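I have placed the structure first, in the form of structure tokens, so that the comments after it can refer back to it.
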Amino acid sequence: MATVSRAAAPGPGSRARRWAAGFKERDTWAAYAFLTPWFIGFFVFTAGPMVASFILSLTDYDIISSTQYVGLENYRQLIHDPKVSLAIRNTLVYTAMTVPATMAVALGLAMLLARVGRAAGVFRTIFYLPVMTPLVAVGVLYLLLFNGSFGLINRALEVIHIQGPFWTTDPHWVKPGLALMALWAVGANVVIYLAALMGVPQQLYDAAAMDGAGRWRRFRDVTLPMISPALFFTFIILTIASLQTFEQVYTAFFNANTPTGTDAALFYVIYLFQQAFTFLHMGYASALAWLLFLIIGIVTVIQIVLSRRFVYYEGER
Amino acid sequence: MSSRWKRIGLLTAIAAALSVAVAVSLANAMTDRAGSAGAAAATNLTIMGFGTNGDDVAKTRYALAEKAVGGGVSAPNGGFDDQQFLAAIAAGDVPDLVYFSRDKVGTYAARGALVPLTSCVKSHKIVMKQYRSAAVNEVTYKKRVFAIPEFYDVRTVIANLDVLAKAKVKLAQLNTKNWATLKTAARKLYVASGGKVSRIGFDPKLPEFFPLWAKANGQDILSKDGLHPHINSPKAVAALQYAISLINAQGGWNRFKAFRDTWDFFGKGNQVAENQIGAWPMEQWYYNVLAGSSPTVKIAALPFRARNGKVINYETGSAWAIPKGAQHQAAACQFMKTMTSVNTWMAAAKNRAAIRKQKNQPYTGLSTANAVADKAIFKQTYTKINKYFDQAVKTVLDVQQHSFYIPASPASAEINDAWMNAVNSVLTGQASVRSALNKAQAQATAAIKNAQK
């Protein structure tokens with residue numbers, strides 16, 4: 001059996017031969033012709049700048065003066081820079097708060113929408129509308145809604161006799177406040193989860209009900225596995241987006257008109273931006289960008305490895 | 001009609017609509033380009049940081065300066081953006097002129113991004129003596145002038161007389177010379193109930209005005225050559241400790257800022273009109289805001305005094321500079337000369353006065369970096385408003401001669417960031433005054449050392 005498997009496994013040589021043989025077909029040429037615009041875009045606007053930024057990360061570069069090669073000095077510097085570790089910590093804590101909260105709220109709303117029948121379309125649109133708000137506006141809105149004394153959030157908490165914290169000034173509450181504000185754009189995930197929920201076959205629920213499964217059991221053993229690819233997709237996307245959070249936090253805490261940026265709100269991309277465009281340390285900022293790329297890569301690989309245990313793809317079984 | 005044909009019809013209609021939209025967009029884009037080409041026939045002077053959508057003062061002066069260079073000026077709307085400027089330099093598409101805050105001059109001049117104006121001043125016979133010396137010094141790096149100063153921000157203490165009367169606090173008690181008396185007055189003016197502030201007595205304007213408090217205690221936070229920070233000197237530490245104690249005496253930073261963030265700063269219901277503040281140091285342009293939005297408020301302007309009793313004014317403002325690689329340097333020089341000349345300022349002031357008169361709103365004059373222009377403006381265009389605004393305008397003019405500035409430094413941005421972060425970390429309770437300022441001092445020193453490499 002083992003011998004048969006080994007013989008059947010295509011080696012790299014045979015794979016290359018098959019790939020080359022494909023070019024005898026007219027369709028292969030057509031396919032590559034259609035893919036060409038993407039290839040051009042990828043190499044010019046993504047791969048090219050990435051290579052350039054890696055080269056810049058090995059230099060002392062401020063755009064204005066001449067570039068000096070400094071080897072790995074920028075990488076050595078970022079290891080010893082206390083603000084880098086602070087920014088990483090802040091960003092990871094914020095991500096750990098934002099991603100599960102967004103997924104849970106989005107799933108809850110999607111499940112409610114799945115039950116409302118015809119009106120779901122209207123609600124879907126309503127939930128999606130905030131996603132279209134510019135993130136700069138979200139930053140300003142955050143300061144208004146989460147004002148410690150007069151904001152809507154604390155006024156609502158007062159109704160149920162809870163003294164709300166000073167979300168925008170107390171360092172302990174800055175990140176939870178921002179994570180709550182991130183729920184503003186939960187609508188995009190609601191739409192994805194709703195589509196996934198609609199695709200769960202009704203007969204699976206019927207069969208589970210016949211076997212005596214209650215509501216929670218059906219959710220855990222039918223709904224969650226069946227929508228796990230959608231959950232996994234949003235998990236990855238939300239994690240990457242949270243690790244790259246910038247606009248709303250910069251607007252709320254670091255713009256020139258409200259110079260009240262606390263250490264608690266120093267997120268990684270904000271520090272990267274400051275190094276590049278405020279202090280003109282382009283080489284160092286490039287090294288910071290590569291470190292972020294590495295962090296995102298590691299986090300994503302861990303998520304993908306873990307996903308093999310939890311994500312169910314129907315077509316694979 | 002079958003549903004298939006309906007779908008085809010719908011898709012055709014969408015495709016037709018998209019085609020029309022694309023055609024219209026292309027036509028607009030081509031028209032814009034043609035407009036630019038037409039402008040290019042004259043000078044094709046490009047400006048970054050100064051749009052044509054400014055107020056009447058900006059528009060009047062822009063029109064005169066454009067005329068002086070023979071037209072063909074391109075000034076896209078939007079303020080100066082470092083990212084945009086650097087991208088333009090990287091792309092080799094350098095603007096001919098930039099308009100930005102004077103505190104940026106040191107950083108860019110040290111990196112060779114700006115052209116020294118020695119030959120511009122000489123060839124266009126720009127009289128540098130007409131500009132206020134503090135503003136000129138602010139844009140001078142290594143004894144060379146790199147920009148022409150434009151506006152001139154003056155900081156005085158604005159006192160709300162209605163609030164003072166209600167709290168039975170005298171104007172003399174707000175003298176920043178006497179720190180103990182000032183704190184007592186702040187406490188008397190402050191109102192809070194149920195843990196919420198409803199009136200701030202005296203706002204020290206932190207973190208932005210830390211250099212002013214340090215100077216009041218006899219400490220410049222940066223040496224004249226811009227190379228030696230004194231952020232953690234005992235005098236600077238004592239100044240910040242006092243300024244923060246003013247906030248702590250009025251509910252603490254969390255409550256204080258939460259309340260301050262709710263003010264309708266530019267509207268009719270501003271903090272003075274609504275009696276939400278007793279007094280605070282502020283730039284002179286706010287008198288103009290009050291004159292426009294709530295002209296009946298009863299205010300008084302007090303000069304900011306150092307602890308030795310001397311009047312001090314922390315000045316800042318905007319400036320014009322020519323980036324290295326600019327294609328039309330002569331036109332750029334002419335443009336900024338015209339923008340900051342006495343005649344241009346006078347034209348803008350006359351126009352502003354006329355507009356205000358038409359709207360039946362008080363006119364408080366202009367505060368420019370051109371001392372000769374200011375003299376002419378207030379002599380020829382200013383008419384008395386009421387005793388409150390007249391006194392404020394007089395105080396602003398009086399304190400101008402007592403100005404100090406933060407000198408140009410190769411690491412201006414990092415130094416600003418260092419002390420601003422330090423003050424914020426103290427305000428939010430994350431660090432003590434001494435340790436925060438020590439950290440800021442170390443950061444600023446390292447940044448200067450790095451910039452000098």
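These figures come from a predicted structure and were not determined experimentally. Letters go in sequence order (proteins before strands), and every chain restarts at 1.
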Which atoms of [X] come close to chain B, meaning under 4.5 Å heavy atom to heavy atom: side chain ones, backbone ones, both, or neither?
X        : result
A:Phe279 : both
A:Gln163 : neither
A:Phe273 : side chain
A:Phe166 : side chain

Checklist entry - Can you list the steps and then say if A:Leu272 with A:Gln275 is a side-chain contact (heavy atoms from CB on, under 4.5 Å)? => result CA-CA 5 Å; A:Leu272 191 159; A:Gln275 286 295 335; 5.9 Å; no

Next on the checklist: In terms of relative ring orientation, are B:Phe80 and B:Phe100 parallel, tilted or perpendicular, with 30° and 60° separating the classes?
Outcome noted: perpendicular

Checklist entry - Is the B:Trp280-B:Tyr286 ring centre distance short of 6.0 angstrom? => result yes

Next on the checklist: Are A:Trp290 and A:Phe293, when compared by the centres of their aromatic rings, separated by less than 6.0 Å?
Outcome noted: yes

Checklist entry - Any donor and acceptor pair, going by atom type alone, linking the side chain of B:Asn288 with main-chain N or O of B:Trp285 inside 3.5 Å? => result no

Item to check | Pick from A:Asn147, A:Asp170, A:Leu266 with the largest number of heavy-atom pairs that fall under 4.5 Å of chain B | outcome: A:Asn147

Next on the checklist: Distance alone, cut at 3.5 Å: any donor-acceptor contact between the side chains of B:Arg255 and A:Thr169?
Outcome noted: no

Contact class of [X] relative to chain A, heavy atoms under 4.5 angstrom:
X        : answer
B:Val197 : backbone
B:Asn416 : neither
B:Asp417 : side chain

